[in-house]
**Student:** 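One structure is given below, represented as structure tokens, and several questions about it will come after.
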Amino acid sequence: MNVIIFGGTGMVGQGVLRECLLDPDVQRVLSIGRSSTGQRHGKLRELIRADLLDYSAIENELRGYDACFFCLGVSSVGMPEEQYRHVTYDITMAAARTLARLNPDMTFIYVTGAGTDSTEHGRTRWARVKGETENALLRLPFRAAYMFRPAAIQPLHGITSKTKWVQFIITVARPLLTWLQRFPKYITTTEQVGRAMIKVARQGHPKRVLVICGY
């Protein structure tokens, strides 16, 4: 399986990248983002791009992939709605539309969040935008598309969040997060998310929207 990862420097993306590099069934990994992951591995290639809206110049490099794990995202806290929608919807759909055209047999997996509003009419801004993005992705002509809605995520294996306030909470709450693993309905880990994405890309799943917890 050859995979593309967006957002490989974020907390979830780091976990997904780690599991892809470890999985013997994953033969090639292409990481696309605005900065390097800092990883060196024989099956990893990176494309560093400032423009994540236009892929016309590199389309030939995006062909021949079986799955895309889209982990790029930002917190809506303190961000104007227009800017949040640009990152969450516009950038995601620019990549997805290009990949659907170049790789119609691809499986596209999008990391969204528990509480996403599929109706697009709820009161919570981030949930509406995420819901709109999910719905648009599900309409694209991929072989299959899956929306991953993880519960609380505990980073493992030295993985950290680039968002300072998120990392602060994780550091302070680490003992609580470890204790919460006894109740997998409420928490998962970066390792479990990465393994689940690979499994679904490889085997498929009857549901298109998946709530990811530590079962």
Side-chain angles (χ1 to χ4, degrees), residues 1-33 37 39 41-47 52 55 58-59 61-73 88 91-114 116 118 130 133-151 153 155-157 159 184 188-215:
M1 185 165 62
N2 300 323
V3 306
I4 297 175
I5 298 177
F6 282 83
T9 62
M11 188 180 79
V12 174
Q14 289 176 64
V16 174
L17 175 59
R18 178 183 184 275
E19 298 309 313
C20 285
L21 296 180
L22 289 173
D23 194 304
D25 286 345
V26 177
Q27 297 178 328
R28 286 194 295 151
V29 180
L30 176 63
S31 173
I32 301 177
T37 64
Q39 300 289 323
H41 195 282
K43 60 184 177 183
L44 173 64
R45 181 166 174 262
E46 294 191 291
L47 284 178
L52 295 179
Y55 298 91
I58 61 166
E59 285 192 356
E61 300 181 66
L62 303 179
R63 300 179 189 273
Y65 286 89
D66 305 296
C68 176
F69 301 145
F70 201 95
C71 310
L72 191 155
T88 303
I91 288 178
T92 303
M93 294 308 300
R97 289 184 183 117
T98 300
L99 292 176
R101 177 167 51 82
L102 299 176
N103 301 287
D105 289 331
M106 172 179 276
T107 295
F108 191 98
I109 298 181
Y110 177 60
V111 179
T112 173
T116 293
S118 298
K130 286 283 192 180
T133 307
E134 282 189 356
N135 291 338
L137 289 171
L138 290 169
R139 289 192 292 267
L140 290 178
F142 288 111
R143 179 173 70 88
Y146 299 95
M147 310 297 113
F148 268 44
R149 297 182 180 182
I153 301 174
L156 300 179
H157 311 295
I159 290 171
T188 187
T189 68
T190 49
E191 178 179 318
Q192 289 168 329
V193 171
R195 289 181 178 178
M197 292 177 81
I198 294 170
K199 182 177 181 179
V200 169
R202 186 164 46 214
Q203 301 178 3
H205 197 279
K207 295 182 178 179
R208 294 295 185 235
V209 178
L210 303 172
V211 177
I212 308 301
C213 46
Y215 288 117

**Student:** With side-chain contact (heavy atoms from CB on, under 4.5 Å) as the test, pick out the partner of Thr98 among Ile58, Leu62, Asn103.
**Tutor:**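 It is Leu62; the other options fail the test.
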
**Student:** Assess whether side-chain contact (heavy atoms from CB on, under 4.5 Å) is satisfied between Met197 and Val111, documenting all intermediate values.
**Tutor:** CA-CA 9 Å; Met197 292 177 81; Val111 179; 3.8 Å; yes

**Student:** Please check if the side chain of Asp66 supplies one atom and the backbone of Asn2 the other of a donor-acceptor pair under 3.5 Å.
**Tutor:**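 Yes, the answer is positive, given that a donor and an acceptor are paired below the 3.5 Å cut-off.
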
**Student:** Is the shortest heavy-atom distance from the side chain of Thr107 to the side chain of Val200 under 4.5 Å?
**Tutor:**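 Heavy-atom side-chain distance check fails, nothing below 4.5 Å.
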
**Student:** Taking the basic N atoms (NZ, or NE/NH1/NH2) and the acidic carboxylate oxygens, is any pair closer than 4.0 Å for Glu134 and Arg208?
**Tutor:**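 Salt bridge between Glu134 and Arg208, a charged N being under 4.0 Å from a carboxylate O: no.
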
**Student:** Using modelled atom types only, decide if a donor and an acceptor are shared between the side chain of Tyr110 and the backbone of Leu137 within a distance under 3.5 Å.
**Tutor:**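 Not confirmed, Tyr110 side chain does not pair with Leu137 backbone.
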
**Student:** Answer yes or no: is there a side-chain heavy-atom contact under 4.5 Å between Ile5 and Cys20?
**Tutor:**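 In contact.
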
**Student:** How long is the span from the CZ atom in Phe69 to the CD1 atom in Ile109, to the nearest 0.5 Å?
**Tutor:**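 If I round to the nearest 0.5 Å, the distance is 5.0 Å.
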
**Student:** To the nearest 0.5 Å, tell me how far Arg195 CZ sits from Ile198 CD1.
**Tutor:**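 It is 9.0 Å, given to the nearest 0.5 Å.
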
**Student:** For Leu72, which of Thr92, Val12, Thr88, Leu52 qualifies under side-chain contact (heavy atoms from CB on, under 4.5 Å)?
**Tutor:**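 Exactly one option meets the side-chain contact (heavy atoms from CB on, under 4.5 Å) with Leu72, and it is Leu52.
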
**Student:** Between Gln14 and Thr190, do the side chains contain a donor N or O and an acceptor N or O under 3.5 Å apart?
**Tutor:**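 No, no side-chain donor-acceptor contact under 3.5 Å.
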
**Student:** Search all heavy atoms of Ala145 against all heavy atoms of Leu138 and return the closest pair with its distance.
**Tutor:**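 The answer is O-CD2, 3.6 Å.
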
**Student:** Of all heavy-atom pairs between Ala96 and Phe142, which one has the smallest distance, and what is that distance?
**Tutor:**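 That would be O-CZ, 3.3 Å.
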
**Student:** Applying side-chain contact (heavy atoms from CB on, under 4.5 Å), run through Ser118 and Met147 and close with a yes or a no.
**Tutor:** CA-CA 11 Å; Ser118 298; Met147 310 297 113; over 6 Å; no

**Student:** How close do Tyr146 and His205 get, heavy atom to heavy atom, and via which atoms?
**Tutor:**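 Closest approach of Tyr146 to His205, heavy atoms only: OH-N, 3.1 Å.
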
**Student:** Without swapping roles, check the side chain of Glu46 against the backbone of Thr37 for a donor-acceptor pair under 3.5 Å.
**Tutor:**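 Such a contact is found between Glu46 side chain and Thr37 backbone.
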
**Student:** Could you measure the distance from the CG atom of Leu99 to the CD1 atom of Ile4? Nearest 0.5 Å is fine.
**Tutor:**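 Going from the CG atom of Leu99 to the CD1 atom of Ile4 covers 5.0 Å.
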
**Student:** Could you pull out the closest heavy-atom pair between Ala114 and Arg149, with the gap in Å?
**Tutor:**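 For Ala114 versus Arg149, the nearest heavy atoms are N-CB, 3.9 Å.
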
**Student:** Where do Leu21 and His41 come nearest, in terms of heavy atoms and distance?
**Tutor:**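 Looks like O-NE2, 3.7 Å.
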
**Student:** Where do Tyr55 and Glu61 land on the side-chain contact (heavy atoms from CB on, under 4.5 Å) test, with the steps shown first?
**Tutor:** CA-CA 10 Å; Tyr55 298 91; Glu61 300 181 66; over 6 Å; no

**Student:** Please name the pair of heavy atoms, one in Thr112 and one in Thr116, separated by the smallest distance, quoted to 0.1 Å.
**Tutor:**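 It is OG1-OG1, 2.8 Å.
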
**Student:** Are there more than 12 heavy atoms of other residues, nucleotides or ligands under 6.0 Å from atom NZ of Lys43?
**Tutor:**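 It does: Lys43 NZ has more than 12 such atoms within range.
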
**Student:** Apply side-chain contact (heavy atoms from CB on, under 4.5 Å) to residues Val16 and Val3 and explain how you reach the verdict.
**Tutor:** CA-CA 11 Å; Val16 174; Val3 306; over 6 Å; no

**Student:** When rounded to the nearest 0.5 angstrom, what is the spacing between CG in Leu30 and CZ in Phe6?
**Tutor:**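 Result: 7.5 Å between the selected atoms.
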
**Student:** Would you compute the distance between atom CG of Asn135 and atom CG of Leu140 and round it to the nearest 0.5 angstrom?
**Tutor:**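 Here the interatomic distance stands at 11.5 Å.
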
**Student:** Is a side-chain N or O of Asp25 found less than 3.5 angstrom from the main chain of Met1, in a donor-acceptor match?
**Tutor:**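 A pair under 3.5 Å: no.
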
**Student:** How far does CD1 of Ile32 sit from CZ of Arg45, to the nearest 0.5 angstrom?
**Tutor:**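 The CZ atom of Arg45 is 9.0 Å from CD1 of Ile32, to the nearest 0.5 Å.
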
